[in-house]
Amino acid sequence: MEWLTVPFEVTFVQRALWGGMLVSVICAQAGTWVVLRGMAFLCDAMSHGLLPGVAVAALLGGNLMVGAVVSAPVMTAGVTALGRTPRLSQDTGIGLLFVGMLSLGVIIVSRSQSFAVDLTGFLFGDVLAVRQQDLLVLAAAALAALAVSVLGHRAFLALAFDPRKAHTLGLRPRLAHAVLLGLLGLAIVASFHIVGTLLVLGLLIAPPAAALPWVRSVYGVMALAALIGTLATFGGLLLSWHLSTAAGATVAALAVSLFFLSHVLSGLRDRRTRRAHSTASQLQVN
């Protein structure tokens with residue numbers, strides 16, 4: 001069993017594991033609503049919309065996460081404003097904002113002498129570079145996400161299944177949508193340092209989607225998604241160590257693999273259940 005424990009005896013791998021676990025908790029809370037509301041494209045657009053802020057931070061030699069924190073509310077405000085434009089479909093507005101922000105970010109990063117390194121780190125992340133202070137920031141972000149999820153649960157639930165009823169109940173669906181975008185932005189900002197913006201969907205969508213067939217409550221999906229994300233982080237770091245592969249990409253790939261495994265197993269379970277019901281019905285007839 002030495003192969004299982006040796007990687008996690010190294011300090012930077014331990015920090016990577018803790019960072020991945022905290023990110024899994026944050027992404028489980030935001031990603032559950034992304035899956036329930038079918039917001040995957042919006043999530044992808046917002047993750048790439050962080051690039052201008054991160055690029056400016058890299059160019060000035062500042063903290064990349066601070067740059068992402070500055071970009072997140074700008075992107076959230078832009079998505080919210082375009083969503084209220086009657087002559088423009090939401091997908092079109094989000095797509096244009098996505099391309100515009102990504103292009104602006106690449107233009108800014110291209111001014112840096114370390115263009116390739118900065119852009120690669122932003123797109124694919126570097127989970128093994130997580131520092132002690134990053135863990136403190138992630139822990140604070142996890143607590144903030146938990147608070148938003150608990151306080152906004154009723155409004156988010158109504159918004160996910162019946163926005164008109166949410167308005168009737170006085171839950172202010174527009175405000176709830178803006179807060180939900182803020183929660184999504186928080187998850188993306190927390191995750192991009194771990195897996196990068198190209199792979200962030202792996203941790204945001206795959207674990208909640210994998211959990212969905214097995215539990216019935218929203219909180220149950222969040223809890224199981226956090227567990228699946230943690231398993232993907234542990235397994236991804238382990239495989240990355242032994243196979244010498246990119247750690248962030250391996251974590252994201254394993255998360256997606258667990259999604260497919262979950263749906264194969266749930267399909268087999270449903271088939272067995274239908275077969276059992278069919279047999280019981282035949283016995284009752286006879």
Side-chain angles (χ1 to χ4, degrees), residues 14-37 39-40 42-43 46-47 50 65-66 68-73 75-76 79-80 125 127 130-161 166 171-173 175-195 200-212 214-234 251-252 255 258:
Q14 292 175 3
R15 288 198 298 265
L17 178 61
W18 279 108
M21 290 169 62
L22 289 170
V23 165
S24 295
V25 171
I26 299 169
C27 286
Q29 295 173 72
T32 296
W33 299 113
V34 170
V35 171
L36 291 176
R37 295 196 61 198
M39 297 165 58
L42 172 60
C43 177
M46 286 191 64
S47 66
L50 301 183
M65 189 167 287
V66 173
V69 169
V70 172
S71 283
M75 190 67 184
T76 299
V79 169
T80 303
V127 63
V130 173
R131 300 166 299 175
Q132 192 67 36
Q133 53 264 43
D134 293 331
L135 294 180
L136 296 176
V137 172
L138 288 174
L143 291 176
L146 181 61
V148 171
S149 296
V150 172
L151 294 175
H153 178 77
R154 186 164 174 258
F156 294 162
L157 193 63
L159 189 65
F161 295 102
L171 295 177
R172 303 178 68 181
L175 177 61
H177 181 69
V179 173
L180 184 56
L181 289 179
L183 178 61
L184 179 57
L186 175 64
I188 292 171
V189 168
S191 305
F192 92 91
H193 187 57
I194 304 296
V195 293
V200 70
L201 287 178
L203 287 181
L204 264 172
I205 296 180
L212 207 56
W214 302 100
V215 288
R216 297 189 177 185
S217 69
V218 172
Y219 282 133
V221 173
M222 289 179 178
L224 184 54
L227 181 61
I228 293 171
T230 298
L231 180 61
T233 300
F234 178 85
V251 169
L258 289 174

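Quick caveat, the model's predicted, so the values are computed rather than measured.
- Side-chain atoms of M21 and W18, non-hydrogen and from C-beta on, do get closer than 4.5 Å to each other.
- Identified under the side chain to side chain donor-acceptor pair (under 3.5 Å) test for residues 134-152, with sequence neighbours left out: Q29-S149, R131-D134.
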Decide yes or no on side-chain contact (heavy atoms from CB on, under 4.5 Å) for V179 and F156, but give the supporting numbers first.
CA-CA 9 Å; V179 173; F156 294 162; 3.8 Å; yes
Show the atom names and distances, to 0.1 Å, of all donor-acceptor pairs under 3.5 Å that link a side chain in residues 216-230 to residues at least two apart or in another chain.
from : atom 1 : to   : atom 2 : distance (Å)
S217 : OG     : G220 : N      : 2.9
T230 : OG1    : A226 : O      : 2.9

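- Within the 4.5 Å cutoff, side-chain heavy atoms of L157 are placed close to those of W33.
- Considering all non-hydrogen atoms of both residues, H177 and R37 come closest at ND1-NH1, 3.0 Å.
- Applying the salt bridge (Lys or Arg N to Asp or Glu O under 4.0 Å) test to pairs two or more places apart or on separate chains, none has a residue in residues 179-191.
- Remark: A252 pairs with L199 by the side chain to side chain contact (heavy atoms under 4.5 Å, CB included) rule, at least two apart or across chains.
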Output side-chain donor-acceptor pairs under 3.5 Å for residues 200-211, partner residues at least two apart or in another chain, one line each.
none

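- To the nearest 0.5 Å, the span separating CG on L181 from CG on L186 amounts to 12.5 Å.
- Across all their heavy atoms, I26 and A187 have their closest contact at CG2-CA, 3.6 Å.
- To the nearest 0.5 Å, atoms CG (L138) and CZ (R15) are separated by 12.5 Å.
- Minimum heavy-atom separation, L36 to L212: CD2-CD1, 4.1 Å.
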